[in-house]
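Along the sequence shown, residues carry numbers from 1. Only heavy atoms go into these numbers, but all of them, side chains included; no hydrogens, no water, no symmetry mates.
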Amino acid sequence: MEPAGAIIFLPRESGKQPTLLKKLLFQPGAVWLAEALKTHGVKNFLVVCQDGDREVVAACFPEDAELVTEGSPGAAEKLAAFLSVQEGEVAVVTEPVLLRCSDSKRAFMMTGEPTTGLCTVSAAVLTQALAAGEEFSAALSGRGDREGLAKLAVPLRDCSGEDWMMNEMYARQFTSIRLIDQGVRVIDPNAVYVDPTVTVGEGTVILPGTILRGRTVIGRDCEIGPNTMITDCTVGDHVVVNASQLNESVIEDGVKIGPFAYIRPHCHVGPGVKVGDFVELKNSTIGPETKISHLTYVGDSDVGGHVNFGCGTVTVNYDGSAKFRTIIGDGAFLGCNTNLVAPVKVGAGAYTAAGSTITDDVPDDSLAIARSLQVNKKQWALKRRKRKT
């Protein structure tokens, strides 16, 4: 039976930070534990910690988790009240552990030693034992099941420096197992780093050097990597991201990104968009099927669908003290090396001539030419060379 709730102890020993609050890869160990427990059915959390750790602990667990300060008045009553509303079993964590998200037999580097720091126990039985005056550790003794969830856990070593790498190896292995069990292809499990809070859809391929962080959600049948970092993004289905960085943005279905693209926060990239090499997006909305193929900066802009950006296009959004927006209508065609000096609007179906610096609005279906008239001075170069001889 899967536990409905979990009681987690995060004590400090000799004044040191609890091991579960140290970072494993990019997240504290407590986040890894909480996410794994949720996959095993845990919905309610009670965490016993010291008062000075409450803020950090609260960020590791669901918002409705109950925090109890260790040794505070009323702690026992809060524990009893928590147990009284749990049905079935509860998981009890008394030592730092790392828990697999599934009962998989897969293992890539190591299996780890069994732990005594995790057990499951009947909430009703534990409540009766505590009501009878037993200490919590004594109430667990002989009553906790250490063969269920415990077989999926390994202890976290309280160490630092290079020794901590062993814990991070476990974390990386457990993440790879979770993804593969969910139908994700992880080409090299030892070269992929994924936070426990990340979700990846079935059929997606993750290539070496990929880092997925925060609350990132990746859709189905994508190809992510190599050498890609995605942080707090929502990525649709059939997306390709090659050697690029994405941050706090939404990427819709069928988008192709990279190589060497940089998507900064607050972007919304529509379906079928191409974001090519050395393209940077920032705080912008890009409409469907727009092509931004290379060497382009799009910042603080609202771009329509089926727009073509020529190489070297720049939205000039900053005057040194304030930011301004650029608006580009559907089907516009921006010639190479166009500067769009915001605030400015390029109408639907409009063209800009290559090398133009656009400072005024361009009407729909018009051509804007904003460059100086070319002047050819015949024989100028020949005369210059003769003067040097």
Side-chain angles (χ1 to χ4, degrees), residues 233-236 239 241 244-377:
C233 289
T234 298
V235 177
V239 172
V241 183
S244 298
Q245 293 195 16
L246 287 63
N247 301 277
E248 300 174 36
S249 295
V250 175
I251 314 298
E252 295 198 32
D253 296 348
V255 174
K256 291 181 170 54
I257 297 175
F260 316 123
Y262 181 29
I263 297 183
R264 292 164 60 187
H266 311 303
C267 289
H268 190 126
V269 181
V273 169
K274 178 181 179 181
V275 180
D277 53 290
F278 303 105
V279 171
E280 179 176 341
L281 307 182
K282 173 252 182 184
N283 191 28
S284 295
T285 299
I286 312 297
E289 302 295 335
T290 285
K291 309 301 179 189
I292 314 173
S293 295
H294 34 219
L295 298 168
T296 293
Y297 172 69
V298 182
D300 299 303
S301 298
D302 299 304
V303 181
H306 300 273
V307 174
N308 186 86
F309 281 77
C311 178
T313 299
V314 176
T315 58
V316 185
N317 59 328
Y318 185 48
D319 69 355
S321 59
K323 300 288 179 69
F324 301 93
R325 294 195 75 79
T326 296
I327 299 173
I328 303 172
D330 294 340
F333 185 98
L334 306 175
C336 291
N337 294 319
T338 292
N339 295 312
L340 300 173
V341 182
V344 71
K345 178 179 179 180
V346 177
Y351 276 60
T352 64
S356 293
T357 295
I358 305 299
T359 57
D360 297 319
D361 291 352
V362 181
D364 294 353
D365 300 314
S366 300
L367 168 64
I369 305 172
R371 57 192 183 201
S372 60
L373 184 66
Q374 180 173 327
V375 176
N376 294 332
K377 296 187 176 181

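- Using a 4.5 Å cut-off on side-chain heavy atoms (C-beta onward), Ile358 and Val341 make no contact.
- Panel note: side chain Thr315, backbone Gly299; a donor-acceptor pair is recorded below 3.5 Å.
- Across all their heavy atoms, Gly276 and Ala261 have their closest contact at O-CB, 3.6 Å.
- The 12-atom threshold is not exceeded at NZ of Lys345, counting heavy atoms of other residues, nucleotides or ligands nearer than 6.0 Å.
- Within a 6.0 Å radius of NZ in Lys256, no more than 12 heavy atoms belonging to other residues, nucleotides or ligands are found.
- Nearest approach of Ile369 to Ala353, heavy atoms of both residues: CG1-CB, 3.9 Å.
- Put simply, the side chain of Asp330 gets close to the backbone of Gly305: a donor and an acceptor are under 3.5 Å apart.
- Proximity of a side-chain donor or acceptor of Thr352 to a complementary backbone N or O of Gly335 within less than 3.5 Å is detected.
- Side-chain contact check for Val362 versus Asp360: every heavy-atom pair is 4.5 Å or farther apart.
- Within the 4.5 Å cutoff, the side chain of His268 has heavy atoms near those of the Glu252 side chain.
- Closest approach of Ser249 to Ile263, counting heavy atoms only: OG-CG2, 3.7 Å.
- Residues passing the salt bridge (charged side-chain N to carboxylate O under 4.0 Å, His left out) test with Arg371: none are found, sequence neighbours excluded.
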Go through the steps for Leu246 and Ile251 under the test side chain to side chain contact (heavy atoms under 4.5 Å, CB included), then give the verdict. CA-CA 9 Å; Leu246 287 63; Ile251 314 298; 3.8 Å; yes
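- Here the CZ-NE2 distance, from Phe278 to His294, works out to 12.0 Å after rounding to the nearest 0.5 Å.
- If you take NZ on Lys323 and CG on Asn283, they are separated by 8.5 Å, rounding to the nearest 0.5 Å.
- Between Cys233 and Glu248 there is no side-chain heavy-atom pair separated by less than 4.5 Å.
- Rounding to the nearest 0.5 Å gives a distance of 7.0 Å between OG of Ser301 and CG of Asn317.
- Using a 4.5 Å heavy-atom cutoff, the side chains of Asp361 and Val346 are not in contact.
- Using a 4.5 Å cut-off on side-chain heavy atoms (C-beta onward), Phe324 and Asp300 make no contact.
- Lys282 has its side chain within reach of Tyr297: a pair of non-hydrogen atoms, C-beta onward, lies under 4.5 Å apart.
- Neither side chain, Gln245 nor Asn247, offers a donor N or O lying under 3.5 Å from an acceptor on the other.
- Scanning for side chain to side chain donor-acceptor pair (under 3.5 Å) contacts around Asp302 gives Arg325, with sequence neighbours left out.
- Considering every non-hydrogen atom in both Ala350 and Pro363, the closest pair reads CB-O, 3.5 Å.
- Minimum heavy-atom separation, Gly258 to Ser244: CA-OG, 3.3 Å.
- At least one donor-acceptor pair under 3.5 Å links the side chain of Thr290 to the backbone N or O of Val307.
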Steps toward side chain to side chain contact (heavy atoms under 4.5 Å, CB included) verdict (Thr338, Phe309): CA-CA 9 Å; Thr338 292; Phe309 281 77; over 6 Å; no
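- Legend: residues meeting salt bridge (charged side-chain N to carboxylate O under 4.0 Å, His left out) with Asp277, ordered by chain and number and at least two apart, are absent.
- Annotation: side chain of Ile292 is in contact with side chain of Leu281 (closest heavy-atom distance under 4.5 Å).
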Check step by step if side chain to side chain contact (heavy atoms under 4.5 Å, CB included) holds for Val298 and Val279. CA-CA 8 Å; Val298 182; Val279 171; 5.5 Å; no
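- Listed here is the closest heavy atom pair of Leu295 and Cys311: CD1-SG, 3.4 Å.
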